[in-house]
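All remarks here apply to the structure that follows.
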Amino acid sequence: MTPHLGCKATGRAPNAIIVKGEFQFVISRNNAKKKYDGHSSYHWECIPKKLENELREQYQLANLHELEGYLGLHVFDKARVKAFLNIAGPPADGEPERATDAPRSSVKTGASYSTSPGFAGQGPCGQHTWPPQGEELKSSRHSMPAPAPNTPVFAASPSGLQGPWSRATVRPISGMLPESLKQLGDRNYRIGEYESAISFYTQAIELKPDPVFFSNRAAALMMLKLFKVAVDDCHIAALLSRHAPCYKILARLAKCHLALGEPEAAIAAAQASINCDSIASADNPSHATKAAAEQMKRHLDLCEDAWERKAWETAKKSLVRAVALCEGVRPAEWCVWEVEIAMARCDWVEAAVAATIGSQLHPNSASVQTAIAQVNLFTNRTFASALSLRAALQIEPSHPRARTLLSRVEAMIEAQQAGERLYLAGQIIDASMRYTEALELLGSAVEEGQGGYLRVTLLGNRAAAYMKMRRFDLARDDGIAALSIPNHPWRLEVLDKLSRCYIALGDADGALQQVNNALEIDPLDNDILALRSSAKSMQSNLRRSRASWAKREWLDAKQALALAIAECTGDCPVQWWIWTVEMEMATRNWAGALTTAEAIVELHPSSAHVLALLGLVRMLSDNLSSCLEPLQLALRLDSQHSMASKTLLRVDEIERLREEGQQASELGRYPDAVQSYTQALGIVGSSEEEGGGGLLRAVLLASRAPALLNMERPSRALADVVISLELQPASLLALHTHARVRMAQGYYEEAITIYTQASKVWIAGQGDIVEGRMISQGLLGAEAALKSSQSKNYHSILRRAKFYRLCYPTANLTHLPSIPNSASDPEIKKAYKRSCLLFHPDKGGNPEHFKLVSEAYNALSAS
């Protein structure tokens, strides 16, 4: 029980002072005036009023004199008594005026101590240097500040002490002298009853604030791991010492600082203890404490350096080693470091455990509450994070990090909820924008665990929105980003979405890789198994398509690629479309090749290769004027693009040669025309990959055939038109030239058939009016020639033999003159033999004409 220390001067002797309250203290000067440390000594008699009888029965004493002898004497300096008790009233006779005492300041545990021969400490009463010198020595008796009025100087329990010993664990013993209470405390300390020892030391301190009592109570507090309270007692003990404090006090202070994680203060106190130990005692624990503090400081420096280098494992190991040296409550800053290192390592379980421990050790720390809020935020508990931040601001309203993080969390919660509402409402684009806003607020700093579980959730939500928008490329990127964040519980869901994105984008290998990773988590998931089947089918079709392409089996390659495209639910890779165009060209489907190439350009307008491919298709489709634009644009995008530059040169040269051939044909210079067309055909080529030269080659062959026919080379003309019609069956120019060649060879019926086919093509809209008139006139001429050929003139059927060798290479009936009507039998026989050689089917002749030759010979021979 703590007495109420109110007092006043009385009419008694100047040296007799009564302190009113539950207990009465009488201070009287000893007549003997014994000396104690150079000061007058005083005798305090503690005379209980209410408990006198109880004390007699408890100690079995006959009278108060025996009680006084049992309790002992307490010798103390009067000036210190007045300074501590703040006694009012006039000073005693011969006593100098007392200086005004300053208010008591708070205890600073992070003190720095000099290592000079003396000891300088920053304690609760200000800066003090030991030993005092000069005026400081004279005024040392008045250096202790006074407590506030009506407030005990030393409470019954240490400041901040919590637990069952916060009130006296033993019954207060009124009337005992401090030394006896101290002895009782020592006895309890030795047997391990530290709470009782603290209670006895506290009662002794109430009677006499002696540095030994404070030091002993600090030792008991240290045994109970109450190092923070023990630091205050060590500071007070050091300040109460009139000369240099005992090295044990400083050793205990150093150990307390070490236990509280204050290595620099521990090193300074330990060094001061070593300096104060004049006999260099071997049992001075300050040497070991100093070594441990230096080791702790070294670990903390390594932790800080590793944090800057983002070496999280090294930072964790260094901090763990520093914590192992801390026997007391680790600093709140260390708890925050543990949480931050665990977050940086994406170990959210460890971060949650560290945050929980930090909140238990420092429930009133705003920094720890902010760290708890960060763990809640990044583990997708946004509302709990906001509550923790508000709690931190209640503890410290001006905490900058808590304020900034709270505004950030509130904005993220709003954006996330808005995105979810918009997604459910079908406003997918707006939802993706709100998710993007939330992700930007969250960030992906490595120190914050790359955003943690919350970033995985937001990325998954935005990926789902992108998949609804059929933007599988963006959804794939979000899936990869979510997968890069370790230790989250939604890995299977992320792998499922990522596999679907890979399949939609035509990446069968990537899809199979993600599917296999998902099957390691859940081998029986039906959705994942279905995705694996689809990815394997796509991969098989792609391999078959490329194998068929290598074998030049164009149709099979095209069919396999079409099946792979059917498995692709999103935008196929651009390379697949390029392969499709190439296969359409190889199969000579120019309409399909042109449509597909134009569609690719719309999807990828900035691809030089796609533009060059479109220019090539247009060139081979005989659209020379329209192929220049994509080729030039491709070269602007990539000036070194090989296909674009080569195709552009081919187009320029083909246009020049084609124009020269047309001019030569119009002027009747057929050999020159044939030469120009032949050079153009050489530039076009006839490779299978380009569809045998395409429609352009068909047109050039059909243009060269009339010039060859006019040069009386119908066989070469016939070969040109046959190839031209293979490349372009609906070419009116090729059909007309083909009919003319067959008429020249006497195949009037075949010529009529060809003209009829050409008429159908023209009627279908494949030609203009001029071509239609030309075809109709050609058809009429063929019919007339056929009719005239049906009146049998046997002399005109048999040809004169002497011109056979001259005209044999042409194999043309009209180029051999007929025999005269007055021909003799030998001439008829000779003409018959030559005509048989000319028109025999085995020699390439017409069987019908061969029959007419036999009929004419038989008729003329019979006549």
Side-chain angles (χ1 to χ4, degrees), residues 343 346-349 351-352 375-385 412-413 415-426 428-429 431-439 442-444 448-536 538 567-570:
M343 288 194 302
C346 295
D347 192 341
W348 301 106
V349 175
V375 175
N376 288 330
L377 173 64
F378 298 129
T379 53
N380 203 19
R381 295 192 290 268
T382 52
F383 291 103
S385 175
M412 274 189 289
I413 292 175
Q416 184 180 8
Q417 291 180 342
E420 292 172 354
R421 288 195 303 269
L422 291 170
Y423 183 86
L424 294 176
I428 308 301
I429 297 178
S432 65
M433 293 175 63
R434 296 313 299 269
Y435 287 136
T436 302
E437 180 182 349
L439 284 166
L442 179 62
S444 59
E448 295 178 344
Q450 304 176 41
Y453 296 173
L454 179 57
R455 187 160 182 262
V456 175
T457 301
L458 292 174
L459 287 171
N461 292 346
R462 189 173 68 173
Y466 283 150
M467 291 173 73
K468 285 278 188 180
M469 297 163 56
R470 299 189 66 80
R471 293 300 307 274
F472 295 99
D473 53 338
L474 299 178
R476 175 199 58 195
D477 296 341
D478 281 354
I480 293 174
L483 204 61
S484 66
I485 302 174
N487 303 330
H488 62 81
W490 304 290
R491 186 174 178 83
L492 182 62
E493 290 78 1
V494 172
L495 288 170
D496 180 273
K497 288 182 180 178
L498 192 56
S499 301
R500 295 180 187 277
C501 291
Y502 275 121
I503 290 176
L505 295 172
D507 189 352
D509 295 335
L512 283 175
Q513 181 180 358
Q514 304 306 325
V515 164
N516 292 332
N517 293 336
L519 289 176
E520 291 179 0
I521 300 174
D522 187 0
L524 302 179
D525 191 290
N526 293 328
D527 294 337
I528 300 297
L529 292 173
L531 290 174
R532 183 178 65 175
S533 176
S534 179
K536 283 187 175 181
M538 179 186 293
E567 295 284 351
C568 182
T569 57

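- The CD1 atom of Ile428 sits 8.5 Å away from atom CE of Met469, with the distance rounded to the nearest 0.5 Å.
- Remark: Ile521 CD1 is packed, more than 12 non-hydrogen atoms of other residues, nucleotides or ligands lying under 6.0 Å away.
- Contact between Arg500 and Met467 at its shortest, heavy atoms only, is CB-CE, 4.0 Å.
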Worksheet item: Which is it for Glu567 and Ser534 under the side chain to side chain donor-acceptor pair (under 3.5 Å) test, yes or no, and what are the steps along the way?
Response: CA-CA 7 Å; Glu567 295 284 351; Ser534 179; 3.1 Å; yes
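- The nearest pair of heavy atoms linking Gln450 to Ser484 is OE1-O, 3.7 Å.
- Side-chain N or O atoms of Asp496 include none that pairs as donor or acceptor with a backbone N or O of Leu492 at under 3.5 Å.
- You'll find the side chain of Tyr466 stays beyond 4.5 Å of the side chain of Asp473, heavy atoms only.
- Of all heavy-atom pairs between Asp525 and Asp527, the closest is OD1-N, 3.0 Å.
- For the pair Leu505 and Ile503, the minimum side-chain heavy-atom distance is 4.5 Å or more.
- Here the side chains of Leu524 and Asp522 are in contact, with some heavy-atom distance below 4.5 Å.
- Atoms CG and CG, on Asp507 and Leu498 in that order, are 9.5 Å from each other to the nearest 0.5 Å.
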Practice prompt. Kindly determine whether Tyr423 and Tyr435 satisfy side-chain contact (heavy atoms from CB on, under 4.5 Å), including the steps that lead there.
Written response: CA-CA 10 Å; Tyr423 183 86; Tyr435 287 136; 4.3 Å; yes
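- Here the side chains of Asn380 and Trp490 are in contact, with some heavy-atom distance below 4.5 Å.
- A 4.5 Å side-chain heavy-atom check between Tyr453 and Arg381 finds every atom pair outside the cut-off.
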Discussion item. Go through it in stages, so that I can follow the logic: the residues are Leu529 and Leu519, the test is side-chain contact (heavy atoms from CB on, under 4.5 Å), and I'd like the CA-CA distance, side-chain angles, deciding distance and then a yes or no.
Written reply: CA-CA 8 Å; Leu529 292 173; Leu519 289 176; 3.8 Å; yes
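- Scanning both residues, Lys497 and Ala464, for their nearest heavy atoms gives NZ-CB, 4.0 Å.
- Residues Arg462 and Leu474 fail the side-chain proximity criterion, which asks for heavy atoms closer than 4.5 Å.
- Residue Leu458 holds its CG atom at 8.5 Å from CD of Glu420, rounded to the nearest 0.5 Å.
- Under the 3.5 Å distance criterion, the side-chain polar atoms of Ser533 are left unmatched by any main-chain donor or acceptor of Ala530.
- Rounding to the nearest 0.5 angstrom, the gap separating the CD1 atom in Ile429 from the CZ atom in Arg434 is 15.0 Å.
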Item to complete: Show the numbers, then the answer: is there a side-chain contact (heavy atoms from CB on, under 4.5 Å) between Lys536 and Leu531?
Response: CA-CA 9 Å; Lys536 283 187 175 181; Leu531 290 174; over 6 Å; no
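- For the atom pair Asn376 CG and Thr382 OG1, the distance stands at 9.5 Å (nearest 0.5 Å).
- Judged by distance alone, the side chain of His488 and the main-chain N or O of Thr457 form no donor-acceptor pair under 3.5 Å.
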Practice prompt. Determine, stepwise, if the pair Met433 / Leu422 fulfils side-chain contact (heavy atoms from CB on, under 4.5 Å).
Written response: CA-CA 10 Å; Met433 293 175 63; Leu422 291 170; over 6 Å; no
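- The minimum heavy-atom distance linking Gly506 with Cys568 is given by the pair N-SG, 3.7 Å.
- For the atom pair CD (Glu437) and CE (Met412), the distance works out to 11.0 Å, reported to the nearest 0.5 Å.
- Side chains of Tyr502 and Gln513 form no contact here, defined as non-hydrogen atoms less than 4.5 Å apart.
- No side-chain heavy atom of Ser432 sits less than 4.5 Å from a side-chain heavy atom of Lys468.
- Residues Asp478 and Arg476 are not paired through a salt bridge, judged by the lack of any N-O separation under 4.0 Å between the basic side chain and the carboxylate.
- Here the shortest heavy-atom pairing between Ala475 and Ala463 reads CB-O, 3.6 Å.
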